[in-house]
Chemist: 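Handing you this structure, nothing more for now.
Naming: A, B, ... by sequence-line order, numbering from 1 per chain.
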2 protein chains.
Amino acid sequence: MIERFHLQLLTAVDECGTLTLAADKLHLSQSALSHSIKKLEQQLGTAVWEKDGRKLRLTQAGRQILILAKRLLPQFEHTELLLTQIAKGQRGSLRIGMECHPCYQWLLKVVSPFLETWPGVEVDVKQEFQFGGMGALFDYDIDVLVTPDPLFKSGVTFIPVFDFEQRLVVSQSHPLATLQQIEPADLQNQTLITYPVEPQRLDIFSQFLAPAGCTVKRHRHIEATEIMLQMVSAGRGVAALPGWLVDTYARSLKLVSLRLGTKGIMKHIYLGMRNNDVNIDYIADFVRLAKQTENQVDEG
Amino acid sequence: MIERFHLQLLTAVDECGTLTLAADKLHLSQSALSHSIKKLEQQLGTAVWEKDGRKLRLTQAGRQILILAKRLLPQFEHTELLLTQIAKGQRGSLRIGMECHPCYQWLLKVVSPFLETWPGVEVDVKQEFQFGGMGALFDYDIDVLVTPDPLFKSGVTFIPVFDFEQRLVVSQSHPLATLQQIEPADLQNQTLITYPVEPQRLDIFSQFLAPAGCTVKRHRHIEATEIMLQMVSAGRGVAALPGWLVDTYARSLKLVSLRLGTKGIMKHIYLGMRNNDVNIDYIADFVRLAKQTENQVDEG
DNA sequence: TTTATCTATGCATTAATTTCATGGTTTGGC
DNA sequence: GCCAAACCATGAAATTAATGCATAGATAAA
């Protein structure tokens, strides 16, 4: 069996020229190296080098091992370097799961500074989960779940990082645009545009229309946030989206956002993660950066 | 220090699912594996896997090691396979040195069947040596020397493999073409074409012209055998080459070969090799094949 | 020929690995 | 909800391997 040590030994002899000098370099006795090689040679059934005077000359077999050494040793060392970085928390992978369609815009504000602070951490964002965001978290498909609907189960921690109000968006010229607030009945003759997810996961249904026993004239699905806002701007329908998100497009697209009900629909974005991971440096820092965005958005 | 064993261990656990089954596969106790990993984890400063119920789940660090394992282990195994072939003499390299210009044609007849018999042996032919063929042999630049001039020194073995007569080649229409044999004086008014080497290494000088105190009208150098024969065919000069070599071109180029002196210049091709290498299977077989060509050439 | 240098090897010592025995945890069946 | 089975962790003992010392053998240089 060729061991890593043998590769180091061959390399050292190649660099130093003699077994004695190689022994110094490896902080071992010349005897130890001699014994090691003898044993290897017995196992392989072939000599690694032959004596030429008092020098050693690699045999065909020895040359092959040296070639192997020069190829493999750097890879061992590279992985070990990687592991010390992982041990220090400087390196790893952060797989973010998104269970909140409009939050994508917000996420970018968090990821951007994160990437600068943690160049060794690979960030990946996933949006589709076979067994829901929680399943993905438990199955180690993701490391952090961005969701407005936390499930406080044992084994996972959910931390609120951002508060916002879910508001109705309409175009400036829309009949509802002048109202102070929207009541469920106001939407009876409207086209409501939402992301293509089950209605029970949409707050405007579960917290606003359904409790009042109301419905809308038409319900359309659109995947992309910007297209959705373009449609609203063109008067083709209304949508329910986070207030801060509407604000960033309000001027350019001539949009107005309105409170839903008297108190409004107040939401929180939570970051969910496995308890074991909470103390990993770069994950803790991701949470910290996520909390910071609240101020930025309010100011902006 | 990540050792080869750790790579095998990680791979086995990855394949078997549990540490216990991996232990069976590696013919070790479950305890031994557990201890090994614990020690590695201490050295690395990071866990390799974490317990998830009674299963083991790789950590980020563990995944890196597994990636390393899947890349490096096959390379270890490949080299070990190579070494067993080298040990059995099925594989190696045969670097042939040529110190005999016209012998190249002959060599091809030997190399061709050799390559078929020894697919694992890499054959290389060298023709230029800084310190002569013997030096190249001693310096391990070549493994076999093809030469008509053996030097019987200790450490090397020279084996005669092929006998031939060095004859003068002239065109059919040349004035000398009708002679039974050539005497040194016959060449006084001739242009002699030879390979570009020192005259003392040319038999026609050292064994024929020089002893008789004769010389030629002109001496030209040409590197390539076929061009040399074309020149002779065109009546531009005469040359001294092995009889069997001339025979193969005699009809197509309208050439005649003549004996030099009464007894002719008789030569032998020798194969020289280091004593240590004489018993290597594929080298011994190369010698055997070289000896066989004698019959083939005589017949052809 | 002598001396310095280098590798090989037997033997005693030291270190590392492995196993055994056992305890703790989790899972699944009853 | 309890019990048995499966699995991993761990301490201590036993085994095995690696290492260094001392020295012999061999080569090259002086």
Chemist: Residues in ring-ring contact (aromatic ring centres under 6.0 Å, His included) with B:Phe129, at least two apart?
Modeler: none
Chemist: Less than 4.0 angstrom from a charged side-chain N to a carboxylate O is my criterion; do A:Asp163 and A:Lys267 meet it?
Modeler: no
Chemist: Does the distance from a Lys or Arg side-chain N to an Asp or Glu carboxylate O, for A:Glu80 and A:Arg4, drop under 4.0 Å?
Modeler: yes
Chemist: Figure out the CD/P separation between A:Gln42 and D:dA17, and round it to whole Å.
Modeler: 13 Å
Chemist: Within the distance-only criterion (no hydrogens, no angle test), does the side chain of A:Arg91 pair as donor or acceptor with the backbone N or O of A:Leu82 below 3.5 angstrom?
Modeler: no
Chemist: Would you check if the side chain of B:Glu99 reaches a backbone N or O of B:Val146 as a donor-acceptor pair within less than 3.5 Å?
Modeler: no
Chemist: B:Arg95: what forms a salt bridge (Lys or Arg N to Asp or Glu O under 4.0 Å) with it, not counting sequence neighbours?
Modeler: B:Asp143
Chemist: Could you check how far CG of B:Leu26 sits from P of C:dT17, rounded to whole Å?
Modeler: 15 Å
Chemist: In whole angstroms, how far is the P atom of D:dC8 from the CG atom of B:Leu28?
Modeler: 15 Å
Chemist: Using a cut-off of less than 4.0 Å, is there contact between a side-chain N or O of A:Lys39 and OP1 or OP2 of D:dA17?
Modeler: no
Chemist: Return each pair, listed once, that meets side-chain hydrogen bond (donor to acceptor under 3.5 Å, both in side chains) where at least one residue sits in residues 17-26 of chain A; pairs must be two or more places apart or across chains.
Modeler: A:Glu15-A:Lys25
Chemist: For C:dT26, does OP1 or OP2 lie under 4.0 Å from any side-chain N or O of B:Lys55?
Modeler: no
Chemist: Starting at atom NZ of B:Lys38, determine the distance to atom P of C:dA16, rounded to an integer number of angstrom.
Modeler: 17 Å
Chemist: Separation of B:Arg57 atom CZ from D:dC8 atom C1', in whole Å?
Modeler: 16 Å
Chemist: Kindly write out the residues that satisfy ring-ring contact (aromatic ring centres under 6.0 Å, His included) with B:His101, not counting sequence neighbours, or none if the list is empty.
Modeler: B:Tyr195
Chemist: Show every side-chain hydrogen bond (donor to acceptor under 3.5 Å, both in side chains) that has at least one partner inside residues 115-124 of chain B, sequence neighbours left out.
Modeler: B:Trp118-B:Asp285
Chemist: Look only at the side chain of A:Glu41 and the backbone of A:Ala47, and say whether a donor-acceptor pair between them is shorter than 3.5 Å.
Modeler: no
Chemist: Can you give one letter per nucleotide of nucleotides 21-30 of chain D, 5' to 3': B if a protein heavy atom sits under 4.0 Å from the base, S if only from the sugar-phosphate, - if neither?
Modeler: B-----BS--
Chemist: Can you list everything that forms a side chain to side chain contact (heavy atoms under 4.5 Å, CB included) with A:Lys70? Sequence neighbours excluded, please.
Modeler: A:Asp14, A:Leu66
Chemist: Please give me every residue in residues 60-67 of chain B whose heavy atoms get under 4.0 Å of an atom in DNA chain C, ordered by residue number.
Modeler: none
Chemist: What's the angle between the local helix axes at either end of the helix from C:dT1-D:dA30 to C:dC30-D:dG1, using five pairs per end and rounding to 10 degrees?
Modeler: 30°
Chemist: Take atom CD of A:Glu3 and atom C1' of C:dA16, then tell me their distance rounded to the nearest Å.
Modeler: 14 Å
Chemist: Who are the side chain to side chain donor-acceptor pair (under 3.5 Å) partners of A:Gln90, not counting sequence neighbours?
Modeler: none
Chemist: Kindly say whether A:Gln75 contributes a backbone atom to a donor-acceptor pair with the side chain of A:Thr79 at under 3.5 angstrom?
Modeler: yes
Chemist: To the nearest Å, how far apart are B:Trp49 CH2 and D:dC7 C1'?
Modeler: 13 Å
Chemist: Distance check needed: D:dC7 P versus B:Lys25 NZ, whole Å only.
Modeler: 16 Å
Chemist: Which of residues 5-24 of chain B sit near DNA chain D, with a heavy atom under 4.0 Å from it?
Modeler: B:Thr18, B:Leu19, B:Thr20
Chemist: Just jot down the side chain to side chain donor-acceptor pair (under 3.5 Å) partners of A:Thr157, sequence neighbours excluded, or say none.
Modeler: A:Asn275
